[in-house]
Amino acid sequence: MENNHVKLSQSLEDYLEMVHMLRLANGIARVKDIAAALSVKMPSVAKAILELKKLGLVTQEPYSGVELTEEGRKAAADVLNRHILLKGFLIRLGVSEAIADKDACSMEHILSAETLSTIEDFMKRGNEGVVAKKANALKAKKGK
């Protein structure tokens, strides 16, 4: 889950992720749909799209939807994958789905690559690492 892209602000990552999600769901990401999905006003979306254009992550022709460049697709997929990973991790810990989704949205922007990699490894191997540590701790106690 290493991110080799330009470091984006949390806000720009949210816009990029939403463009990606809307394109996946609807085939198009329109400014008004982005605004509605993020609960912001259309001029805020236009400003963010302009910034993303300057960074080479999106393109937009007048009166058409927002398109992701190849680099934009990679960056958006990274953000979305972090979100999915963290949401799954929180749900596995017993957090409700709604809260896990909300918290993952905040966490996806601030965790280090090392932390994300460790969580990803944990999710891939399941609970066996935790179980093994507990078993070893019990063996150590019995051996005393």
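Atom CG of residue Leu111 and atom CD1 of residue Ile119 lie 5.5 Å apart, to the nearest 0.5 angstrom. Separation of atoms CZ (Arg82) and CD1 (Ile110) is listed at 11.0 Å; rounding is to 0.5 Å. For the atom pair CD of Glu108 and CG of Asp78, the computed distance is 11.0 Å after rounding to the nearest 0.5 Å. Annotation: the span from Ile84 atom CD1 to Asp101 atom CG amounts to 10.0 Å, rounded to 0.5 Å. Note that CE of Met107 is 9.0 Å distant from CG of Leu85, once rounded to the nearest 0.5 Å.
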* To do: Before giving the answer on side chain to side chain contact (heavy atoms under 4.5 Å, CB included), spell out for Leu24 and Leu80 the whole-Å C-alpha distance, their side-chain angles and the decisive distance to 0.1 Å.
  => CA-CA 11 Å; Leu24 289 173; Leu80 183 57; 4.2 Å; yes
* Check the pair Asp14 / Val79 against side chain to side chain contact (heavy atoms under 4.5 Å, CB included), numbers first and verdict last. => CA-CA 8 Å; Asp14 286 341; Val79 176; 5.7 Å; no
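Clustering ILVMFWY residues whenever any of their side-chain heavy atoms sit less than 4.5 angstrom apart, transitively, puts Leu50 in a cluster other than the one holding Val31. Put simply, Leu90 and Ile99 are part of the same group of oily side chains (I, L, V, M, F, W, Y) that touch within less than 4.5 Å, one to the next. In terms of hydrophobic clustering, with Ile, Leu, Val, Met, Phe, Trp and Tyr side chains grouped at heavy-atom distances under 4.5 Å, Leu93 and Leu116 are assigned to a common cluster.
Listed here is the closest heavy atom pair of Ile91 and Ala100: CG1-CB, 3.7 Å. Of all heavy-atom pairs spanning Glu13 and Leu8, the tightest one is CG-CB, 3.7 Å.
For the side-chain contact (heavy atoms from CB on, under 4.5 Å) test, residues two or more places apart in sequence or in another chain that qualify with Ser9 are Ser11, Leu12. Contacts of Thr115 classified as side-chain hydrogen bond (donor to acceptor under 3.5 Å, both in side chains), with partners at least two apart in sequence or in another chain: Ser112. Among residues two or more places apart in sequence or in another chain, the side-chain hydrogen bond (donor to acceptor under 3.5 Å, both in side chains) test is passed with Ser96 by none. The salt bridge (charged side-chain N to carboxylate O under 4.0 Å, His left out) test applied to Glu97 returns Lys87, not counting sequence neighbours.
Pairs passing the ring pair (Phe, Tyr, Trp, His ring centres under 6.0 Å) check and including a residue from residues 68-102, sequence neighbours excluded, read Phe89-Phe122. Sorted by first and then second residue, the pairs that involve residues 18-27 and meet side chain to side chain donor-acceptor pair (under 3.5 Å), not counting sequence neighbours, are Arg23-Glu67. Sequence neighbours left out, not one pair with a member in residues 43-67 passes ring pair (Phe, Tyr, Trp, His ring centres under 6.0 Å).
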Would you give me the side-chain donor-acceptor pairs under 3.5 Å for residues 32-47, sequence neighbours excluded?
{"from": "Asp33", "atom 1": "OD1", "to": "Arg30", "atom 2": "NH2", "distance (Å)": "3.4"}
{"from": "Asp33", "atom 1": "OD2", "to": "Arg30", "atom 2": "NE", "distance (Å)": "2.8"}
{"from": "Asp33", "atom 1": "OD2", "to": "Arg30", "atom 2": "NH2", "distance (Å)": "2.9"}

For residues 55-62, run the donor-acceptor check on the side chains, cut-off 3.5 Å, and write out each pair with its distance to 0.1 Å, sequence neighbours left out.
{"from": "Gln60", "atom 1": "NE2", "to": "Ser64", "atom 2": "O", "distance (Å)": "3.1"}

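Salt bridge annotation for Glu120-Arg125: absent, with no cationic side-chain nitrogen under 4.0 angstrom from a carboxylate oxygen.
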